[in-house]
Each structure stands twice: as structure tokens, then as C-alpha cells.
Participant: 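One structure coming up, written as C-alpha cells, with questions to follow.
Here is how names work: the chains are called A, B, and so on, in the same order as the sequence lines, proteins then strands, and each is numbered from 1.
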Protein chains: 2
Amino acid sequence: MAGSVGDKYYDVFLKYRLWLSTTNDKGILGDGRFALLNEIDITGSLKSAAEKTNISYRKAWGSIKEAEEQLGFKLVEKQRGGKDGGNSRLSPEGKQLLEAYTELKEDFDQSVKKITKKFFNKINK
Amino acid sequence: MAGSVGDKYYDVFLKYRLWLSTTNDKGILGDGRFALLNEIDITGSLKSAAEKTNISYRKAWGSIKEAEEQLGFKLVEKQRGGKDGGNSRLSPEGKQLLEAYTELKEDFDQSVKKITKKFFNKINK
DNA sequence: TTGCAATATGTTTTTTCAAACATAACGGGT
DNA sequence: ACCCGTTATGTTTGAAAAAACATATTGCAA
């Protein structure tokens with residue numbers, strides 16, 4: 001989206017980030033973990049989810065672990081060994097959190113869209 | 001703010017950041033530069049503004065410069081030398097951008113407040 | 001009982017980004 | 001001509017985050 005200030009013209013976008021955080025400012029769920037949980041839900045595998053979201057398995061695993069430690073409950077139920085080597089799926093709480101966050105994001109996007117419109121109308125004289 | 005997912009209880013906050021960015025993803029104006037510009041407007045000095053916002057002069061100066069390079073116009077008109085050593089004040093465009101962003105922030109905060117309320121109502125069943 | 005694929009973790013290296021440090025230039029006032 | 005406070009900028013150091021690397025463990029199935 002483009003805008004102008006006075007007679008000066010430029011290309012700018014309104015961007016935002018949103019995330020859930022603990023009292024002590026440790027991130028719980030933002031875009032990164034959201035994508036990860038989402039893919040786990042779809043693929044049933046932490047490894048696949050990591051690949052899909054373009055992060056290393058090591059990072060994905062650590063990321064989930066961190067969040068769980070902060071929350072005090074499991075987001076993902078994982079099993080290792082077995083015919084497929086193992087698998088991962090969202091815990092009920094993980095699933096609910098994912099869903100709640102999904103809606104939250106939608107609400108946010110909608111609001112931002114409105115505000116953006118208003119903002120650029122204003123800025124463009 | 002507290003919430004629960006299923007029967008699991010935890011303390012979480014909804015956090016967010018908002019900023020203006022160019023097409024190539026270079027930040028133009030977020031909370032940091034906003035505070036800086038604001039203080040420049042008040043104090044008439046980049047040095048004072050840096051102190052007030054708790055960043056080094058070096059950083060403040062570089063931050064303004066970066067934004068200006070991206071935008072292609074000056075946000076701050078600066079003079080050096082003279083009886084007071086020099087001074088800085090917002091350009092007309094800088095002033096207008098500051099004002100527009102102020103309103104933007106207000107709108108955004110308002111929306112977030114509503115969304116937050118809804119979110120935590122939902123999460124707490 | 002061996003192989004396989006995925007989960008589980010510790011360790012090391014690289015990258016990135018911020019903070020600190022150092023120094024120059026400017027121009028009015030004394 | 002020099003002093004002072006502020007703007008202007010290059011350089012170096014340090015710390016934190018991310019990526020890369022290395023290995024172990026598990027349990028089904030052949």
C-alpha cells in the first residue's frame with residue numbers, strides 16, 4: 001500500500017505481530033509456534049511440521065518444549081519408536097489453544113484491515 | 001490476565017507490536033522511532049531525545065537516518081554548531097507522520113482491547 | 001536381532017544485532 | 001583564535017539468538 005505525507009510519496013505497509021506471553025515475558029504462542037502446531041495437527045509428525053515450516057527439527061522440538069514448560073502442560077503428545085518411527089499430535093489443550101489463537105488472528109487481521117484503510121485514507125490527504 | 005484451556009490454568013498476556021514498514025520489509029516507524037520523534041518534537045534536540053528514550057545518541061541518530069533513507073525524505077531537520085551546539089526538529093513531513101501514527105496507535109489499542117476481552121472470555125469457557 | 005524412521009538432547013559454530021568506544025566537524029559566543 | 005555543546009560517523013567489542021553438528025533412544029516389523 002502506498003501513501004504520502006504532505007507532498008512526499010512513499011511505499012509503506014502497516015505491519016503487526018501478536019503473540020501470547022507469560023507474566024515473565026516468555027513467548028508462548030506467536031506466528032512461529034502457531035504454524036508449527038498447525039502443521040503437527042495436519043501431518044501428525046514433528047519432523048514433517050518442522051520441514052513444512054522451514055525450521056530444523058532441533059529448533060522445532062525445543063520450541064515446543066519451551067512453551068510447554070512455561071504453560072505447565074503439554075501441547076503435543078509425542079511417541080517414538082514403532083513402525084513409523086514415531087508420531088506427534090496435539091494434546092486436547094494444544095488443539096484448543098490453536099483454535100482460540102486462530103480466531104484471535106482472524107479478528108486481528110480484520111481490525112488491522114479496517115485501520116489500515118482509514119490510516120491510508122488520512123495520510124493520502 | 002489469566003486464562004484456562006480446558007481444565008488447565010495459566011497466566012498469559014496478549015502482546016502485540018505495530019509498525020510501518022517498506023515493501024522490502026525495512027521498518028520505518030514503530031514504537032522506538034515513535035518515542036524518539038516525539039521527544040525530538042518536545043525537546044528540539046536529538047541528544048536529549050536519545051537520553052529521554054534511553055538509547056545512545058549513536059543509535060538514535062542512525063535510527064532516524066535509516067528511516068529517512070527508506071522513505072526518501074527527511075523526518076528531522078538538524079543543525080549543528082551555533083550557540084547551543086545545534087538543534088533538531090521535525091520536518092513538516094515528520095510531524096505529519098508522527099501525528100498520523102499517533103492516531104493509528106490509538107485506534108489499534110482500542111481494537112486490541114476489545115479483541116483481548118473477547119479472547120479471554122472465550123478461553124475461560 | 002537388525003534396520004528403520006522419528007523423537008530426544010547435548011555441544012559447537014555462525015550469524016546477527018546491540019552497545020560501547022573513539023573522533024571529527026560545525027558555528028555562535030567570548 | 002579558541003571553547004562548548006551538539007550533530008555526524010567509523011570502528012570495535014560483546015552478547016544473544018539461530019543454525020549446524022553430532023549422537024542417543026525407542027519400538028515395530030521383517
Participant: Could you check whether atom NZ of B:Lys74 has more than 12 heavy atoms from other residues, nucleotides or ligands sitting under 6.0 Å from it?
Facilitator: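 Incorrect, the count does not exceed 12.
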
Participant: Would you indicate whether the side-chain heavy atoms of B:Asp107 and A:Lys118 approach each other to under 4.5 Å?
Facilitator: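 Counting from C-beta outward, A:Lys118 and B:Asp107 do come under 4.5 Å.
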
Participant: How long is the line joining CD of B:Glu66 and P of D:dA8, in whole Å?
Facilitator: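 Rounding to the nearest Å, CD of B:Glu66 and P of D:dA8 are 15 Å apart.
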
Participant: With the threshold set at under 4.0 Å for non-hydrogen atoms, list the residues of residues 28-44 of chain B touching DNA chain C in residue-number order.
Facilitator: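 Residues of residues 28-44 of chain B under 4.0 Å from DNA chain C: none.
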
Participant: Counting only heavy atoms not in B:Glu77, do more than 12 fall under 6.0 Å of its CD?
Facilitator: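 Result for CD/B:Glu77: enclosed.
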
Participant: Atom CD1 of B:Ile64 to atom C1' of D:dT9: distance rounded to whole Å?
Facilitator: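 The answer, rounded to whole Å, is 16 Å.
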
Participant: How many whole angstroms separate atom CD of A:Glu77 from atom C1' of C:dT7?
Facilitator: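 Rounded to the whole Å, the gap is 15 Å.
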
Participant: Donor-acceptor pair, A:Ser111 side chain versus B:Ser111 backbone, under 3.5 Å?
Facilitator: no

Participant: Produce a footprint string for nucleotides 24-29 of chain C: one letter per nucleotide, 5' end first; B if the base is under 4.0 Å from any protein heavy atom, S if only the sugar-phosphate is, - if neither.
Facilitator: -BBBSS

Participant: Of A:Ile40, A:Leu29, A:Leu37, which meets side-chain contact (heavy atoms from CB on, under 4.5 Å) against A:Leu98?
Facilitator: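 Between A:Leu98 and the candidates, side-chain contact (heavy atoms from CB on, under 4.5 Å) is satisfied uniquely by A:Leu37.
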
Participant: Roughly, in whole Å, what's the span from NZ in B:Lys47 to P in D:dG5?
Facilitator: 9 Å

Participant: Using atom names, set out every protein N or O paired with an N or O of nucleotides 12-22 of chain C below 3.5 Å, distance rounded to 0.1 Å.
Facilitator:
residue	atom	partner	partner atom	Å
C:dA19	OP2	B:Lys59	NZ	2.9

Participant: For B:Arg89 and D:dT6, give me the distance from atom CZ to atom P, rounded to whole Å.
Facilitator: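 For the pair B:Arg89 CZ and D:dT6 P, the rounded distance is 17 Å.
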
Participant: Is it the case that over 12 heavy atoms from other parts of the model lie below 6.0 angstrom from the NZ atom of A:Lys113?
Facilitator: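 Not buried by this count: 12 neighbours or fewer within 6.0 Å.
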
Participant: Quick one: are B:Leu71 and B:Leu75 in side-chain contact, heavy atoms under 4.5 Å?
Facilitator: yes

Participant: Are B:Trp61 and D:dA8 close enough that a side-chain N or O sits under 4.0 Å from OP1 or OP2?
Facilitator: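 Indeed, a polar side-chain atom of B:Trp61 lies that close.
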
Participant: Quick check on A:Gln79: does its CD atom have over 12 non-hydrogen neighbours (other residues, nucleotides or ligands) under 6.0 Å away?
Facilitator: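 No, CD of A:Gln79 has 12 or fewer neighbouring heavy atoms, counting only those of other groups under 6.0 Å.
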
Participant: OP1 or OP2 of C:dT7 versus the side-chain N and O atoms of A:Lys78: is any pair under 4.0 Å?
Facilitator: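 Answer is no, no contact under 4.0 Å.
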
Participant: Taking the cut-offs as 6.0 angstrom to the six-membered ring centre and 45 degrees off its axis, would you call B:Arg58 and B:Trp61 a cation-pi pair?
Facilitator: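 No cation-pi geometry.
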
Participant: Is it the case that one hydrophobic cluster holds both A:Leu14 and B:Phe34, taking links as side-chain heavy atoms less than 4.5 Å apart, direct or via other members?
Facilitator: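 Yes, it is one cluster - the side chains of A:Leu14 and B:Phe34 are joined through contacts under 4.5 Å.
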
Participant: Taking the six-membered ring where the residue is Trp, are the ring centres of B:Tyr16 and A:Tyr16 under 6.0 Å apart?
Facilitator: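 No, ring centres 6.0 Å or more apart.
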
Participant: How close or far is atom P of D:dA18 from atom OH of A:Tyr57, stated in whole angstroms?
Facilitator: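 It works out to 19 Å between those atoms.
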
Participant: I want to confirm an ordering. Mapping B:Gly62 and A:Asn54 to their closest nucleotides on DNA chain D, which one lands closer to the 5' end?
Facilitator: B:Gly62

Participant: Specify the separation, in whole Å, of atom CG of A:Leu46 and atom P of C:dA8.
Facilitator: 7 Å

Participant: Can you see if the side chain of B:Ser45 gets near the phosphate of D:dT7 - specifically, an N or O under 4.0 Å from OP1 or OP2?
Facilitator: yes

